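One structure is given here, and the rest of the page talks about it.
Scope of the values below: all heavy atoms of this structure, side chains included, with no hydrogens, waters or symmetry mates. Ligands are counted one by one from 1 in listed order, and the atoms in each one are counted from 1 as well. These numbers were taken from a predicted model, which means no experiment stands behind them.
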Amino acid sequence: MLQLDLFPTYGLADSVASTTFQDNMKLPLHRWYRYTAGFSGAWVGEMLEKWKREGRSRVLDPFAGSGTVLVESMLHGVDASGIESHPYVYNIAAAKLQWDDFDAEELAGGCLEVLRKAKLKEISRTEYPALITKCFPPDTLKKLEALKVSCREVEDDKLRNIVWFIITSILRSASPVGTAQWQYIQPNKTKAKVLDPFAAYESKLAEMLEDIQKLKGRFGASSSAVILKEDARNIVSVPEKWADMVITSPPYANNYDYADAMRLEMLFWDDINGWKDLVDKVGVNLIRACTQHVSALKDSVGYMSSELLAPIRDEIEEKYFLLKDERSKHGGKKNYHTMVAAYFYDMAQVFWSLERVTSDNCTMCFVVGDSAPYGIHIPVDEWLGKLAQAAGFNDYSFEKLRDRNTKWKNRKHRVPLKEGRLWINK
Ligand SMILES: C[S@@+](CC[C@H](N)C(=O)[O-])C[C@H]1O[C@@H](n2cnc3c(N)ncnc32)[C@H](O)[C@@H]1O
C-alpha cells in the first residue's frame with residue numbers, strides 16, 4: 001500500500017512551485033482531481049500555520065476553484081469559506097470536502113454497487129454531441145453512459161455527488177485523444193496512456209478510500225470548511241468582517257476561458273447543448289477575463305467612467321485605446337480592450353465585496369499574473385493593488401516568483417511577464 005507523508009516538506013514557500021498544482025498530485029485529498037488552474041496545497045498549509053501563529057483563525061478564498069485552500073484549512077484546523085461560481089468546479093470542491101462525512105466501508109459499498117449496476121446495463125443511446133463522439137470510441141462511451149445512468153439512479157444525495165465526482169474525474173483519462181486538463185480538446189492528437197472507464201472508476205475510488213482511511217479521525221472535526229456557489233463580485237453568505245485571512249488566485253486577464261475548460265464534462269452530463277449555452281449558463285457568473293465573455297458588449301467605455309475604476313482611470317484609458325487601435329491591425333479582431341475594461345471593473349467589485357467580509361486586521365495574498373494582449377503590457381498587480389486600496393485596504397506589495405511570457409508567444413511578442421503574490425493588508 002502506498003505510504004502517504006501527510007505534510008511532506010518541499011520548501012515550497014520560497015519556491016516558484018507554490019503557484020502550480022503539480023505537487024498536489026502527491027497529496028491526499030488534493031490528488032483526487034487534477035485542476036491545473038490550482039495552486040500548491042503545501043504552500044497554503046505553510047501560510048495557514050504562519051498566520052495562525054499570528055492569532056488569525058478564519059480564511060476566505062473568493063476564487064476557491066477545486067478547493068485547495070478549503071482542504072488545507074480542514075487539515076490545519078482553520079475555519080474556511082470558499083466562493084466558486086462555476087457549477088462544475090464548485091461540485092468538485094464540494095465533493096472533496098465531503099471526505100470526512102463518509103465511513104470508508106460504507107462509501108466503498110455504495111460506489112461499488114453503482115459500478116456493478118453499470119456493468120450490467122444495456123445501453124442503446126447512440127446520439128451524442130460531436131465533441132463527445134470525437135473524444136470517446138463507441139465501446140468507451142457505452143461504459144461511460146452506463147456509469148452516468150447508474151449514477152443518476154442513486155437516491156442518496158451525498159453518495160450521488162461522490163459518484164458524479166468519480167465519473168467526472170476519470171472522463172479525460174478514458175479518452176484516447178488529446179484531452180489535457182486544460183481548455184482545448186485536441187481530437188486529432190492521441191494519448192499514450194488510456195484507461196478503461198470501469199477500471200479507472202475503481203482505481204479512483206481506491207485512491208479516495210486510502211486517503212479517507214488515512215485521515216479519518218485525525219483531522220476535520222476541529223474546523224469547518226464551506227464552499228458557496230456564489231459570485232465573488234457580490235459575496236452574500238459570508239458574515240460582515242468574518243475573515244482575517246484571504247488566500248486566493250483570481251482568473252488572470254490572459255484570455256483563458258474557465259467556462260470552456262469544463263465543456264467536455266458538461267456536454268457529457270447533458271447539462272449544456274453547445275457553446276452559447278455554456279456562456280449563458282456559466283460564463284455570465286465568471287470574472288470577464290477572456291474576449292469570449294465580452295463579445296456581447298458593444299463597447300465598454302462606460303466602465304471607464306465608473307467610480308470603481310477611478311483609481312486607475314488614466315492608465316486604463318490609455319491602454320484601452322491602444323488595444324482598440326491595435327485590434328484594427330489584426331485579422332482576429334479580438335476585443336482585448338473591452339476585456340481589460342470589464343476585467344478590472346469586475347475585480348474592483350470583488351475588492352469592495354471583500355472589504356465587507358474581512359475583519360479590520362485582515363491580511364490577503366492574491367496569486368496573480370500580468371498579461372500583454374497584442375503585446376501591450378497590462379500591469380495587473382499594480383492596478384489590482386490600487387483598486388484594493390480604493391476599496392478600503394491599506395497597503396499592497398508585489399512579490400515576483402517567476403517570469404512567464406509563454407502564453408502570448410503565438411501572438412509574436414516578447415513582452416516580459418511575471419507571476420507572483422500580491423500581498424494586501426487592511
Ligand atoms: C485560478 S482559479 C483558482 C484555483 C484554486 N486556487 C485551486 O487551487 O483550485 C480561479 C477560479 O475562479 C473561479 N471564478 C471565476 N469568476 C468567479 C466569480 N465571479 N466568483 C467566484 N469564482 C469565480 C473560476 O471558475 C476558477 O475556478
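- Using a 4.0 Å cut-off to heavy atoms of Thr68, the atoms of ligand 1 that qualify are 7 (C), 8 (O), 9 (O).
- At a threshold of 4.0 Å, the pair Lys214-Glu210 does not count as salt-bridged, since none of the basic side-chain nitrogens sits closer than that to a carboxylate oxygen.
- Put simply, no part of Ala259 is less than 4.0 Å from ligand 1, judged by heavy atoms.
- Counting only heavy atoms of the protein, atom 16 (N) of ligand 1 lies nearest to Ile287 N, 3.0 Å.
- One finds the CD1 atom of Ile83 at 9.5 Å from the CG atom of Leu70 (value rounded to the nearest 0.5 Å).
- Taking every non-hydrogen atom of Glu230 and a distance limit under 4.0 Å, the qualifying atoms of ligand 1 come out as 20 (N), 21 (C).
- With Asp381 as the fixed residue, the salt bridge (charged side-chain N to carboxylate O under 4.0 Å, His left out) test singles out one of Lys400, Arg421, Lys418, Lys386: Lys418.
- Annotation: atom 20 (N) of ligand 1 to nearest protein heavy atom, Ala232 N, 2.9 Å.
- One option in Phe63, Tyr35, Tyr256, Tyr33 has a heavy atom closer to atom 27 (O) of ligand 1 than any other, and that option is Tyr35.
- The protein heavy atom nearest to atom 2 (S) of ligand 1 is Tyr258 OH, 3.6 Å.
- In this structure, Tyr256 has its ring center under 6.0 Å from that of Tyr258.
- The side-chain tip of Lys334 does not point at the ring of Tyr374 from less than 6.0 angstrom away and within 45° of straight on.
- The backbone N or O of Ser175 sits less than 3.5 Å from a side-chain atom of Lys191, completing a donor-acceptor pair.
- Taking the six-membered ring wherever Trp is involved, the centroid distance between the rings of Tyr88 and Trp164 falls below 6.0 Å.
- Taking the six-membered ring where tryptophan is involved, the planes of Phe165 and Trp32 are tilted, since the angle between them lies from 30° to 60°.
- Using a 4.0 Å cut-off between charged side-chain N and carboxylate O, Asp346 and Arg233 make a salt bridge.
- Salt-bridge annotation for Asp271 and Lys281: absent, with no side-chain N of the basic residue lying under 4.0 Å from a carboxylate O of the acidic one.
- Distances shorter than 4.0 angstrom occur between a heavy atom of Pro62 and an atom of ligand 1.
- Atoms of ligand 1 lying under 4.0 Å from any heavy atom of Val89, numbered from 1 in the order shown and given with element: 27 (O).
- For Pro251, no nitrogen or oxygen atom sits less than 3.5 Å from a nitrogen or oxygen atom of ligand 1, counting backbone and side chain alike.
- Only the backbone of Asn285 comes within contact range of ligand 1, with a heavy atom under 4.0 Å; no side-chain atom does.
- Protein heavy atom in closest approach to atom 4 (C) of ligand 1: Ala37 O, 3.6 Å.
- For atom 10 (C) of ligand 1, the nearest protein heavy atom (residue, atom name, distance) is Ser249 O, 3.4 Å.
- Considering only non-hydrogen protein atoms, atom 19 (N) of ligand 1 sits nearest to Asp231 OD1, 2.8 Å.
- With hydrogens left out, the protein atom closest to atom 25 (O) of ligand 1 is Glu84 OE2, 2.6 Å, a heavy atom.
- Residue Ser66 places at least one N or O, backbone or side chain, under 3.5 Å from an N or O of ligand 1.
- Residue, atom and distance of the protein heavy atom nearest to atom 18 (C) of ligand 1 are Ser85 OG, 3.2 Å.
- Checking Asn425 against Thr363 by side-chain atom types alone, a donor-acceptor pair falls below 3.5 Å.
- The shortest N or O to N or O distance between Asp61 and ligand 1 is not below 3.5 Å.
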